Number of protein chains: 2
Amino acid sequence: MKTRDKIILASLELFNDKGERNVTTNHIAADLSMSPGNLYYHFRNKSDIIYEIFIQYELLVDHYLQITDDRPLNLNDLVYYLESVFDGLWSYRFFHRDLEFLLDSDERLRKDYREFTVRCLDGIKKILKGLQKGLDGVLKDLEDEHIESMVLNVWLVVTNWMAYLKTAHAGDDNIAIDKGMLRQGIYQILSFTVPYLTPAYVEEIKKLQDQYRPNYSI
Amino acid sequence: MKTRDKIILASLELFNDKGERNVTTNHIAADLSMSPGNLYYHFRNKSDIIYEIFIQYELLVDHYLQITDDRPLNLNDLVYYLESVFDGLWSYRFFHRDLEFLLDSDERLRKDYREFTVRCLDGIKKILKGLQKGLDGVLKDLEDEHIESMVLNVWLVVTNWMAYLKTAHAGDDNIAIDKGMLRQGIYQILSFTVPYLTPAYVEEIKKLQDQYRPNYSI
DNA sequence: GACTATTTAGAGTATATACTCTAATAATAT
DNA sequence: ATATTATTAGAGTATATACTCTAAATAGTC
């Protein structure tokens with residue numbers, strides 16, 4: 001692997017593990033048994049590393065969120081989208097943690113992230129509309145305003161589920177959050193659909209939710 | 001005002017304005033035209049200042065979230081609770097921004113915050129249950145599981161609405177977020193109730209939502 | 001093998017940050 | 001007034017952090 005890519009990878013791992021705020025460029029270099037000089041030969045500054053990581057994240061999620069619109073969407077589709085997105089979220093979990101600071105310190109990133117948000121919201125909307133399509137659509141027809149609200153709610157829960165887990169569950173015992181716990185966010189997202197399900201799918205969603213049900217209690 | 005209180009107040013203002021990460025103890029002292037030595041005479045370290053601010057935040061929200069349970073709740077009650085909570089959120093808006101880091105660096109805070117979360121979730125639950133009570137309850141009866149999901153969804157949207165505004169709307173033009181924009185989160189929270197409203201309240205909630213409707217488009 | 005361009009090491013720097021220390025000042029009690 | 005205590009100033013320190021600079025090593029080319 002190229003040095004540049006090694007730097008990106010090690011940075012991502014350290015960021016995910018310790019939080020961007022707690023990882024310095026010197027740490028990254030040390031982690032790779034590399035001199036700071038070398039790191040700075042490949043990246044002008046820390047922001048550039050973060051930006052590069054964001055580009056990867058963006059690519060991944062944009063790829064996942066290519067929503068089929070030539071046919072109605074079914075529950076399998078929904079699960080696939082959710083699993084994919086939560087997978088991306090897990091791989092780049094540091095990102096939403098220090099998001100505000102990151103956007104404050106990099107204008108490029110701020111602009112790109114805003115556009116990224118718009119695309120994601122649009123993707124979510126397409127999914128919901130796709131679930132309404134067809135004779136036996138999963139979701140009932142909804143007023144556009146309801147859809148918009150729901151899209152935003154889904155986005156907020158998706159992007160902040162990780163933070164919720166960390167703050168509400170990581171106690172003195174310092175339970176580490178794992179990918180499995182993150183997937184419980186899927187249960188939470190599915191709950192949004194419940195009031196709008198067509199009768200045929202009520203039981204199906206229940207079964208589905210069972211697969212992602214949290215086994216902890218707050 | 002006592003010096004100690006001045007420090008707390010100035011810190012809160014600076015934190016809210018610039019983010020905790022960007023505010024040093026020296027900044028706080030300078031802002032008060034005070035020596036660092038003096039600041040450290042009153043607080044052992046930065047964490048102690050933050051902790052003290054959290055205690056105030058906690059007190060405020062706990063106060064707001066004393067939910068009447070001797071009668072059914074109506075829409076006025078709901079609005080009061082929402083307005084109050086969003087008001088607290090605004091006054092201490094720095095807090096949820098760097099939450100994960102703050103909790104990582106202060107065990108006391110971590111523990112307290114976790115308990116605080118539990119109380120808040122419980123408060124939200126009481127509100128929802130209160131809205132179901134009575135002959136003309138605002139909300140239909142719901143399975144407990146639905147309530148639990150909804151409680152968590154409400155919490156996630158409430159605590160992260162600010163971050164959403166900042167990241168999705170603060171662009172190059174650097175629109176500052178104001179209290180009014182924050183209140184649009186109330187619109188978003190009200191959307192959770194829509195599918196569960198008893199018929200008598202459908203129109204009422206619509207009217208209410210209109211009052212908080214965002215005037216921007218994403 | 002000689003020459004050039006790329007990559008890397010590692011010591012070094014300027015700045016920032018949390019926090020300390022001591023002496024001076026102000027407030028309070030007797 | 002004097003003694004005591006609480007408060008404040010402000011210079012200073014140890015450490016961290018992002019980043020630079022130069023020389024050496026390595027790779028690639030003719």
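What you are looking at is a predicted structure, and each value in this text was computed from that prediction instead of being measured. Letters A, B, ... mirror the listed sequences (proteins, then strands); counts begin at 1.
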Distance under 6.0 Å and angle within 45° of ring axis: R108(A) vs Y51(A): yes

Any residue meeting salt bridge (Lys or Arg N to Asp or Glu O under 4.0 Å) with D5(B), in chain and number order, not counting sequence neighbours: none

Rounded distance (Å) that lies between atom P of dT7(C) and atom CD1 of I7(A): 11 Å

Gap between atoms CE and P, on M1(B) and dT7(D) respectively (whole Å): 16 Å

Nearest-angstrom distance from the residue atom CZ of F43(A) to P of dA18(D): 15 Å

Set of side-chain contact (heavy atoms from CB on, under 4.5 Å) partners for T25(B), sequence neighbours left out: L39(B), Y40(B), K46(B)

Residues forming a salt bridge (Lys or Arg N to Asp or Glu O under 4.0 Å) with D70(B), sequence neighbours excluded: none

Y40(B) side chain near dT20(C) phosphate (N/O to OP1/OP2, under 4.0 Å): no

Counterpart residues, side-chain contact (heavy atoms from CB on, under 4.5 Å), relative to S84(A) (two or more places apart): Y64(A), Y80(A)

Rounded distance (Å) that lies between atom P of dT7(C) and atom NZ of K6(A): 13 Å

Please list, pair by pair, any protein nitrogen or oxygen found under 3.5 Å from a nitrogen or oxygen in nucleotides 8-14 of chain D.
| from | atom 1 | to | atom 2 | distance (Å) |
| --- | --- | --- | --- | --- |
| dT8(D) | OP1 | T3(B) | OG1 | 3.0 |
| dT8(D) | OP2 | T3(B) | OG1 | 3.0 |
| dT8(D) | OP2 | N38(B) | OD1 | 3.3 |
| dT8(D) | OP2 | H42(B) | NE2 | 2.8 |
| dT8(D) | O5' | N38(B) | ND2 | 3.0 |
| dA9(D) | OP2 | S35(B) | N | 3.0 |
| dA9(D) | OP2 | S35(B) | OG | 3.4 |
| dA9(D) | OP2 | N38(B) | ND2 | 3.3 |
| dA9(D) | N7 | S35(B) | OG | 2.9 |
| dG10(D) | O6 | G37(B) | N | 3.3 |

DNA chain D contacts made by residues 12-25 of chain A, counting heavy atoms under 4.0 Å: T24(A), T25(A)

Under the salt bridge (Lys or Arg N to Asp or Glu O under 4.0 Å) test, residues paired with D178(A) that sit two or more places apart: none

Interatomic distance where NZ belongs to K46(B) and P belongs to dA16(C) [whole Å]: 15 Å

Residues that Y57(A) engages under ring pair (Phe, Tyr, Trp, His ring centres under 6.0 Å), provided they are two or more places apart: Y92(A), F95(A), H96(A), F116(A)

Residues in side-chain hydrogen bond (donor to acceptor under 3.5 Å, both in side chains) contact with E100(B), at least two apart in sequence or another chain: none

